[in-house]
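All remarks here apply to the structure that follows.
So you know, we letter chains A, B, ... as the sequences are listed, proteins then strands, and number each from 1. Values in this document were obtained by computation on a predicted structure and should not be read as measured data.
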Amino acid sequence: MQPLIEHKWDLSIPEAINLQKELALKVQVSPLDINSLRYIGGIDCAPSTDMSKYFAAAVIWDIHTRELVEYHIADAPLTFPYVPGLLSFREIPAVIEVMKKINKKPDIFIVDGHGIAHPRGIGIAAHIGVIFDVPTFGCGKSLLYGNYQDPAHERGSTSPLMAKGKVIGNVIRTRSNVRPVFVSVGHKVDLKTATELTISCSGRFRLPEPTHLADKLVAQKENKSVIINKLL
DNA sequence: GCGACAG
DNA sequence: ATCTTGTCGC
């Protein structure tokens with residue numbers, strides 16, 4: 001897979017913010033039938049120990065068999081600082097590299113991070129969706145933007161994530177009595193479908209299976225040879 | 001001006 | 001993201 005929209009990544013912070021405002025205009029929130037989704041992509045990233053580069057892991061998980069069908073890892077130089085709201089500029093260069101290795105294009109991608117639940121409406125999940133023009137949504141482990149009431153403690157409970165009087169995502173309890181995850185649309189999908197998919201991909205862990213697997217895979221970054229056994 | 005602040 | 005032990009609970 002290759003990005004359809006290409007732009008510079010070595011930008012100053014003000015330039016990056018302006019680019020986000022432009023790209024935010026291209027974000028599409030549209031209905032997507034959950035029954036048409038079988039191959040679910042999962043993406044997660046992590047910096048190298050020496051902080052000189054960033055690794056990105058991509059997995060493809062079959063929601064029918066509930067098994068991993070493909071996985072890859074890649075890296076790219078780390079050039080951008082961590083600034084809340086500008087995570088895309090640190091991680092997407094590595095994501096572009098793993099995407100190049102994907103053989104079977106997934107029906108949708110779940111990205112570790114936020115979608116439109118972002119100060120300018122374009123978190124990393126939305127940014128990836130826009131430049132690759134594929135369905136994506138974000139599943140973050142903590143809050144970046146918005147307000148919410150804690151959802152009930154039972155698995156499957158949800159509570160709307162709000163900002164400026166609008167619903168920008170859902171806070172979802174994927175496991176009973178465990179901290180919830182923050183789901184927001186990225187591109188070419190609707191919140192209801194993203195929410196239902198998150199719940200149907202979860203159960204064993206706090207994170208939905210695709211993201212959980214990508215998380216475990218990227219954690220093996222520096223030793224990428226002994227991973228196969230431990231992952232399957 | 002004072003907090004908040006994905007990974 | 002990462003530095004970190006034991007411990008509580010399903």
Side-chain angles (χ1 to χ4, degrees), chain A residues 9 13 16-17 19-20 23-24 27 42-59 73-98 109-130 136-148 153-156 161-164 168-187 191 194 198 202-208 210-223:
Chain A
W9 293 98
I13 288 176
I17 289 173
L19 177 56
Q20 286 187 322
L23 293 175
V27 174
I43 295 179
D44 190 30
C45 305
S48 60
T49 310
D50 64 7
M51 298 300 280
S52 67
K53 54 186 179 179
Y54 230 85
F55 288 92
V59 306
I73 188 162
D75 62 76
L78 203 182
T79 60
F80 207 86
Y82 171 67
V83 179
L86 298 178
L87 186 63
S88 293
F89 299 89
R90 247 172 110 69
E91 306 192 334
I92 297 184
V95 172
I96 289 175
E97 296 307 308
V98 253
F109 282 97
I110 303 179
V111 181
D112 189 295
H114 296 280
I116 63 171
H118 173 280
R120 288 169 292 284
I122 181 148
I124 188 169
H127 196 136
I128 290 173
V130 168
T136 62
F137 69 86
C139 180
K141 298 184 291 296
S142 63
L143 179 70
L144 166 64
Y145 182 69
N147 310 294
Y148 67 97
H153 290 191
E154 296 69 42
R155 161 174 157 77
L161 179 57
M162 311 286 296
K164 299 177 180 174
I168 58 173
N170 268 155
V171 183
I172 307 173
R173 193 80 67 181
T174 51
R175 293 194 73 193
S176 296
N177 302 88
V178 168
R179 283 179 301 149
V181 294
F182 300 75
V183 167
S184 58
V185 159
H187 191 58
L191 182 58
T198 297
S202 306
R204 302 207 297 160
F205 311 103
R206 177 164 85 116
L207 298 180
T211 301
H212 179 264
L213 288 168
D215 207 82
K216 292 305 158 202
L217 179 56
V218 81
Q220 302 296 312
K221 58 203 178 190
E222 256 99 13
N223 330 305

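- If you take CD on E91(A) and CG on D44(A), they are separated by 7.5 Å, rounding to the nearest 0.5 Å.
- Separating the CG atom in L23(A) from the OG atom in S88(A) is a distance of 9.0 Å, to the nearest 0.5 Å.
- Between the CH2 atom of W9(A) and the CD1 atom of I92(A) there is a distance of 4.0 Å, given to the nearest 0.5 Å.
- Whole-Å rounding puts the F182(A) CZ to dG7(B) P distance at 9 Å.
- Side-chain contact between H127(A) and F89(A) is present, with heavy atoms from C-beta onward closer than 4.5 Å.
- To the nearest 0.5 Å, atom OG1 of residue T198(A) and atom CD1 of residue I172(A) are 4.5 Å apart.
- Put simply, the side chain of R206(A) gets close to the backbone of P180(A): a donor and an acceptor are under 3.5 Å apart.
- D75(A) places none of its side-chain heavy atoms less than 4.5 Å from the side chain of K221(A).
- In this entry the distance linking CG of L217(A) with C1' of dA1(C) reads 16 Å, nearest Å.
- Within residues 76-87 of chain A, the residues that have a heavy atom under 4.0 Å from DNA chain B are, in order of number, Y82(A), P84(A), G85(A), L86(A), L87(A).
- H114(A) has its NE2 atom 7 Å from the P atom of dA6(B), to the nearest Å.
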Just the dot-bracket of DNA chain B, please: which string comes out with Watson-Crick or G-U pairs under 3.5 Å, [ ] for crossing, | for another strand? .......
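- Nearest to the side chain of A46(A), among dA1(C), dA6(B), dG7(B), sits dA1(C).
- Looking at heavy-atom distances under 4.0 Å, L143(A) makes contact with sugar-phosphate atoms alone, never a base.
- Within the 4.0 angstrom heavy-atom criterion, no nucleotide atom of any strand lies near N177(A).
- In this entry the distance linking CE of M51(A) with P of dC3(C) reads 11 Å, nearest Å.
- Put simply, K53(A) has no side-chain N or O that comes within less than 4.0 Å of OP1 or OP2 on dA1(C).
- S142(A) has a side-chain polar atom (N or O) that falls below the 4.0 Å cut-off from OP1 or OP2 of dG7(B).
- Here K141(A) reaches the OP1 or OP2 of dA1(C): one of its side-chain N or O atoms lies under 4.0 Å away.
- Scanning DNA chain C for stems, defined as runs of 3 or more consecutive Watson-Crick or G-U wobble pairs whose donor-acceptor distances all fall under 3.5 Å, gives no such range.
- What separates OH of Y148(A) from C1' of dC5(B) is a distance of 13 Å, to the nearest Å.
- When rounded to the nearest whole Å, the span between CZ of R90(A) and P of dG7(B) equals 13 Å.
- Q20(A) places a side-chain heavy atom less than 4.5 Å from the side chain of H118(A).
- A distance of 6.5 Å separates CG in D112(A) from CG in L207(A), rounded to the nearest 0.5 Å.
- A donor-acceptor pair is defined here as one N or O able to donate and one able to accept, closer than 3.5 Å; such a pair exists between the side chain of D50(A) and the backbone of S52(A).
- Looking at every heavy atom in both residues, A163(A) comes nearest to G146(A) through CB-CA, 4.3 Å.
- Between I43(A) atom CD1 and dA1(C) atom C1' the separation is 17 Å, expressed in whole Å.
- Taking atom CD1 of I128(A) as the reference point, atom P of dA6(B) lies 17 Å away to the nearest angstrom.
- Without hydrogens or angle criteria, R173(A) side chain to R155(A) main chain gives no donor-acceptor distance under 3.5 Å.
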